[in-house]
Amino acid sequence: MVTLLSDNQFQKLITSFSQLPGIGKKSATRIGFHVLRMDPASFQNWINGIKESREKLHFCEVCAGLTEEKICNICESPKRDSQIICVVEQPEDIFFIENTKEYSGKYHVLNGSISPLDGIGPDQLRIKELIERLKEGEVTEVLIATNPTLEGDATASYLSHLIKQLHIVVSRIAHGITIGGTIEYSDQYTLGKAIKSRLQI
């Protein structure tokens, strides 16, 4: 006799949720049961909300952060400091840094970090686009906010070497974030402290 928990369709549902970052099999199972308990109208609204976001959200043509327009509000805003660019690995890092309310400049998303073991070199990242932005001459400081991991540090060193040749100040987020950790899992106070105490490299 086949029970619900070994049912093929239910396992497919669990596998689908398990693909999301930070969701293990246990959490995926709880989410699966929750979805199955939802009334049809709520379920449809939930699905429609996800579909609408997926269709309307895309990446900014300048910084590669998330936006509904061609260029995001941060890049367009005259209130943001155009003389400093914060370089991050992923679009979601912008969200976490913005929550600290300690940074008022603009951003540039690399879409990853240098990782030879994974076959990711500088050419696979948005480094060329960053250098092109810097050559426009408006930026005086680049704050590198890659994760404090081996890959993040390697990326920071590589960028520092390139950017210093343009006679632009290079700084790196400093104290506060645990070595080996990620920006995503840092609390707002810790991340804010790291931005405030950045050091030139």
Side-chain angles (χ1 to χ4, degrees), residues 19-22 49-115 118 120-149 151-156 158-160 162-163 166 168-174 176-177 181-196 198:
Q19 291 173 0
L20 297 171
I50 293 174
K51 278 185 68 178
E52 185 179 354
S53 296
R54 184 69 181 84
E55 289 167 1
K56 290 186 176 181
L57 289 171
H58 53 271
F59 300 106
C60 173
E61 292 182 357
V62 177
C63 73
L66 273 179
T67 179
E68 291 184 49
E69 310 297 332
K70 284 187 177 181
I71 300 176
C72 72
N73 291 336
I74 293 176
C75 286
E76 288 276 34
S77 175
K79 295 180 180 179
R80 305 291 298 211
D81 186 353
S82 298
Q83 292 188 312
I84 178 170
I85 287 180
C86 179
V87 178
V88 296
E89 292 183 20
Q90 301 294 349
E92 52 264 38
D93 296 334
I94 295 176
F95 173 79
F96 299 112
I97 290 175
E98 283 296 289
N99 278 346
T100 70
K101 308 207 184 297
E102 295 289 350
Y103 179 73
S104 59
K106 298 192 175 182
Y107 292 93
H108 187 88
V109 179
L110 295 173
N111 284 338
S113 57
I114 295 172
S115 179
D118 297 318
I120 302 173
D123 292 341
Q124 278 75 54
L125 305 178
R126 297 183 66 255
I127 293 176
K128 181 182 176 183
E129 291 85 347
L130 172 63
I131 299 303
E132 286 174 356
R133 289 180 70 184
L134 298 181
K135 284 181 177 178
E136 292 174 2
E138 190 175 11
V139 178
T140 59
E141 179 186 357
V142 173
L143 167 60
I144 301 176
T146 52
N147 291 316
T149 59
E151 295 80 9
D153 287 341
T155 305
Y158 181 85
L159 290 176
S160 176
L162 288 181
I163 296 167
L166 301 175
I168 294 172
V169 173
V170 182
S171 55
R172 174 99 161 99
I173 52 173
I177 297 180
T182 60
I183 287 176
E184 180 179 357
Y185 295 111
S186 300
D187 61 86
Q188 291 180 25
Y189 175 78
T190 301
L191 189 51
K193 241 348 211 181
I195 292 171
K196 276 175 134 180
R198 63 183 182 268

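Heads up: numbering here begins at 1 and tracks the sequence. As a basis for the values below, the full set of heavy atoms in this structure was taken, side chains included, without hydrogen atoms, waters or symmetry mates.
T146 places a side-chain N or O within 3.5 Å of a backbone atom of G152 that can act as its donor or acceptor partner. Under a 3.5 Å cut-off, the side chain of S160 and the backbone N or O of A156 do not form any donor-acceptor pair. Judged purely by atom type and a 3.5 angstrom limit, H108 uses its side chain to pair as donor or acceptor with the backbone of R126. Proximity of a side-chain donor or acceptor of S77 to a complementary backbone N or O of I74 within less than 3.5 Å is not detected. Between the side chain of Q124 and the main chain of G121, a donor-acceptor pair closer than 3.5 Å is present. With hydrogens and angles ignored, the 3.5 Å screen pairs no side-chain donor or acceptor of E184 with any backbone N or O of E92. Between the side chain of K106 and the main chain of S82, no donor-acceptor pair closer than 3.5 Å is present.
In this structure, OG1 in T140 is found 10.0 Å from CD1 in I85, a value given to the nearest 0.5 Å. Once rounded to the nearest 0.5 Å, the distance linking SG of C72 with NE2 of H58 reads 10.0 Å. In this structure, the separation between CG on L159 and CD1 on I127 is 5.0 Å, given to the nearest 0.5 Å. Remark: K101 NZ to Q188 CD distance equals 7.5 Å, nearest 0.5 Å. Summarising the geometry, atom CG belonging to N147 is positioned 5.0 Å from atom CD1 belonging to I183; distances are rounded to the nearest 0.5 Å.
Contact detail for Y107 and C63: the closest heavy-atom pair is O-CB, 3.1 Å. Residues I71 and C60 share a closest heavy-atom pair of CA-SG, 3.8 Å. P148 and D153 get closest at one heavy-atom pair: CA-OD1, 4.2 Å. Heavy-atom minimum distance, C86 versus I97: SG-CD1, 3.9 Å. The two atoms that bring E151 and I114 nearest to each other are CB-O, 3.4 Å, heavy atoms only. Looking at every heavy atom in both residues, L66 comes nearest to F59 through CD2-CE2, 3.7 Å.
For the side chain to side chain contact (heavy atoms under 4.5 Å, CB included) criterion with V142, the lone passing option out of V87, I84, L162 is V87.
Annotation: salt bridge (Lys or Arg N to Asp or Glu O under 4.0 Å) contacts involving residues 59-85, sequence neighbours excluded, comprise R80-E98.
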Next on the checklist: Assess the residue pair L143 and I173 against the criterion (side chain to side chain contact (heavy atoms under 4.5 Å, CB included)); give the C-alpha distance rounded to whole Å, side-chain angles, the decisive distance to 0.1 Å, and a yes or no.
Outcome noted: CA-CA 7 Å; L143 167 60; I173 52 173; 3.9 Å; yes
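A 4.5 Å side-chain heavy-atom check between V139 and L166 finds every atom pair outside the cut-off. Side chains of P91 and N111 form a contact here, defined as non-hydrogen atoms less than 4.5 Å apart.
Dense packing is recorded around CG of N99, with more than 12 heavy atoms of other residues, nucleotides or ligands lying under 6.0 Å away.
D93 is linked by a side chain to side chain donor-acceptor pair (under 3.5 Å) to nothing, counting only residues two or more places apart in sequence or in another chain.
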